[in-house]
Structures are given as structure tokens and as C-alpha cells.
Amino acid sequence: DQQVKQNSPSLSVQEGRISILNCDYTNSMFDYFLWYKKYPAEGPTFLISISSIKDKNEDGRFTVFLNKSAKHLSLHIVPSQPGDSAVYFCAASGGQAGTALIFGKGTTLSVSS
Amino acid sequence: DTAVSQTPKYLVTQMGNDKSIKCEQNLGHDTMYWYKQDSKKFLKIMFSYNNKELIINETVPNRFSPKSPDKAHLNLHINSLELGDSAVYFCASSPRRVITDTQYFGPGTRLTVL
């Protein structure tokens with residue numbers, strides 16, 4: 001029973017354009033949402049997060065949007081760069097999960113130059 | 001200076017063997033985690049320790065036993081290895097047991113059970 005879903009396994013974008021990665025969740029008790037980035041043969045690295053009391057958080061080229069009523073969040077990368085090519089994991093925590101991160105299956109982003 | 005390190009990076013072993021994976025963090029964090037990434041690429045929490053005390057213990061076979069000798073180390077011992085244990089195991093740490101504290105992951109240990 002997946003509580004965090006990333007329905008697009010892959011996304012291809014041209015350099016300079018916007019990348020939009022989507023994530024849906026089912027557990028309304030989640031308080032905190034995160035995006036992690038992962039390169040092959042490395043561990044996930046933290047990218048950006050958002051609390052359930054906010055609807056937007058921005059950090060440089062990365063912006064996360066949260067729509068609580070739709071139980072949906074998205075990550076926008078503008079402009080996309082070839083170095084952004086990686087697997088992006090959406091994660092949630094809080095409620096019964098406590099501090100454990102509940103991950104989606106990931107979306108592989110490919111940015112071509 | 002690796003913040004969260006795991007040894008070994010690769011582990012190939014036969015069914016029925018017992019093996020251990022070690023994790024060390026030099027960040028001074030209080031909380032450590034083990035996650036498992038299975039063949040379908042799902043990353044799932046297994047255990048969490050806070051200051052050497054077990055605080056999260058998900059539905060994991062009791063063949064898996066975490067041990068935290070001090071708050072900088074969280075080792076994972078697996079008894080009687082089975083084919084289904086083949087996965088990548090990631091250790092992580094965070095400053096405190098608070099959901100807003102970032103979790104820092106190690107590079108992973110790829111376990112292959114033959």
C-alpha cells in the first residue's frame with residue numbers, strides 16, 4: 001500500500017526549460033514533505049522540503065508546491081541543467097510515521113543539452 | 001571527510017550465512033536510520049535509533065538485528081540470509097529526532113544473496 005506515489009517513472013527535458021516532477025500522497029496525517037535527489041551508486045541527498053502549513057517553498061532554481069486538499073506536491077526546477085539529471089524521490093514524514101521518511105518510487109529526470 | 005559511511009559497499013554471500021553491515025556518522029547526530037531499497041526501487045524504513053535507543057522498528061523479520069554501540073554507529077546484523085534479502089541498504093542520520101531535521105544518507109551497501 002503506497003502512501004507516497006510518483007506516477008511518472010521518467011521525465012526528459014531540454015536544458016534551460018522547466019522540469020516539473022509530481023508526487024501524490026494518501027495519508028492526510030503527514031506533516032512534512034521532502035525531495036531527495038539520487039545519483040547512481042550514491043545515497044539520496046536532500047534537496048528541498050516544505051511543511052504542511054505552507055503551500056510553497058523556494059530555494060534557488062528549486063521550488064516545491066504543496067496542495068493539501070489534493071494531497072499533491074510538485075517540484076519545479078528552473079532552468080533545468082544537465083547536472084540535474086538524476087532520480088528524484090518524493091518523501092513524507094509525520095503522523096504515525098514519525099521521523100521515518102516514507103518514499104515514493106522515484107522519477108528519473110534526464111536533462112539534455 | 002565522509003559524513004555518513006557504510007562498510008562494505010558491496011557484499012555477496014550465500015543463502016543461510018550471517019552478515020553485518022556497519023554504519024558510522026561523524027556529524028555528531030543523535031538519530032540514525034536503516035532503509036532498504038528493494039528490486040522495485042522502493043526505499044523503506046527498517047529501524048531508527050535515537051541516542052542508542054531503538055525508536056522505530058518496522059515490520060522486519062527478526063533475522064535483522066540492529067545494534068548501536070554508541071550514537072555515532074548503527075550496525076545491521078542479518079542472520080540466515082535469504083534470496084529476498086538482496087537489496088541496497090542505506091544508513092542515514094539526522095541531528096535530532098524531529099521531522100524537520102534533514103536526514104543525511106550514506107552511499108549504500110549492495111547485498112547480493114546467492
Side-chain angles (χ1 to χ4, degrees), chain A residues 1-10 21 23 25-27 29-54 57 59 62 64 66 86-109, chain B residues 2-10 21 23-25 27 29-51 53-60 66 87-110:
Chain A
D1 179 27
Q2 293 179 60
Q3 297 186 70
V4 177
K5 298 178 188 179
Q6 293 177 256
N7 292 320
S8 298
S10 62
L21 295 98
C23 176
Y25 62 96
T26 57
N27 189 338
M29 301 299 290
F30 287 142
D31 294 315
Y32 202 64
F33 303 89
L34 310 91
W35 286 93
Y36 275 78
K37 176 179 176 179
K38 185 183 181 303
Y39 294 116
E42 294 183 11
T45 55
F46 171 75
L47 195 56
I48 192 168
S49 61
I50 187 166
S51 165
S52 61
I53 62 172
K54 295 188 173 182
N57 188 27
D59 183 2
F62 303 92
V64 56
L66 175 62
V87 179
Y88 288 78
F89 288 97
C90 173
S93 62
Q96 269 194 313
T99 59
L101 295 177
I102 309 302
F103 283 93
K105 204 171 171 179
T107 296
T108 300
L109 173 65
Chain B
T2 307
V4 182
S5 59
Q6 296 178 227
T7 52
K9 193 164 174 64
Y10 300 96
I21 306 171
C23 177
E24 176 181 3
Q25 53 94 3
L27 298 165
H29 289 173
D30 285 347
T31 308
M32 295 184 73
Y33 305 82
W34 277 110
Y35 289 85
K36 176 182 179 181
Q37 186 177 33
D38 60 23
S39 57
K40 295 180 181 176
K41 305 301 182 188
F42 278 110
L43 264 162
K44 290 185 181 175
I45 183 72
M46 298 176 72
F47 302 102
S48 176
Y49 270 71
N50 188 64
N51 271 320
E53 179 188 351
L54 179 66
I55 54 170
I56 294 175
N57 184 354
E58 288 297 303
T59 309
V60 174
V88 182
Y89 292 84
F90 289 99
C91 177
S93 73
S94 64
R96 302 160 300 168
R97 188 183 157 192
V98 173
I99 63 172
T100 51
D101 276 6
T102 298
Q103 291 186 28
Y104 296 84
F105 283 77
T109 295
R110 181 174 292 277

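Every chain is numbered from 1 and lettered A, B, ... according to where its sequence line falls, protein lines coming before strand lines. Note: hydrogens, waters and symmetry copies are ignored here, and every other heavy atom, side chains too, is used.
Annotation: maximal heavy-atom pairing with chain A below 4.5 Å, among B:T102, B:L43, B:I45, B:T31, occurs at B:L43. In terms of heavy-atom pairs under 4.5 Å with chain B, the best-connected choice from A:P44, A:G106, A:A100 is A:P44.
Expressed to the nearest 0.5 Å, how far OG of A:S49 lies from CG of B:D101 amounts to 10.5 Å. A distance of 5.5 Å separates NZ in A:K38 from CD in B:Q37, rounded to the nearest 0.5 Å.
Nearest heavy atom pair, residue B:I99 against residue A:S93, reads CB-OG, 3.6 Å. The shortest non-hydrogen separation linking A:T99 to B:I56 is OG1-CD1, 4.1 Å.
The number of heavy-atom neighbours closer than 6.0 Å to CD of B:E53, taken from other residues, nucleotides and ligands shown, is 12 or below.
Using a 4.5 Å cut-off between heavy atoms, A:A97 contacts chain B through its backbone alone, with no side-chain atom that close. Using a 4.5 Å cut-off between heavy atoms, B:S94 makes no contact with chain A at all. Interface remark: B:K9 contributes side-chain atoms only to the contact with chain A (heavy atom separation under 4.5 Å). The part of B:V98 that comes within reach of chain A is its backbone (N, CA, C, O), which places non-hydrogen atoms under 4.5 angstrom from that chain. Using a 4.5 Å cut-off between heavy atoms, B:Q6 does not touch chain A at all.
A ring pair (Phe, Tyr, Trp, His ring centres under 6.0 Å) with A:F103 is found for one member of B:Y35, B:F90, B:F42 and no other, namely B:Y35.
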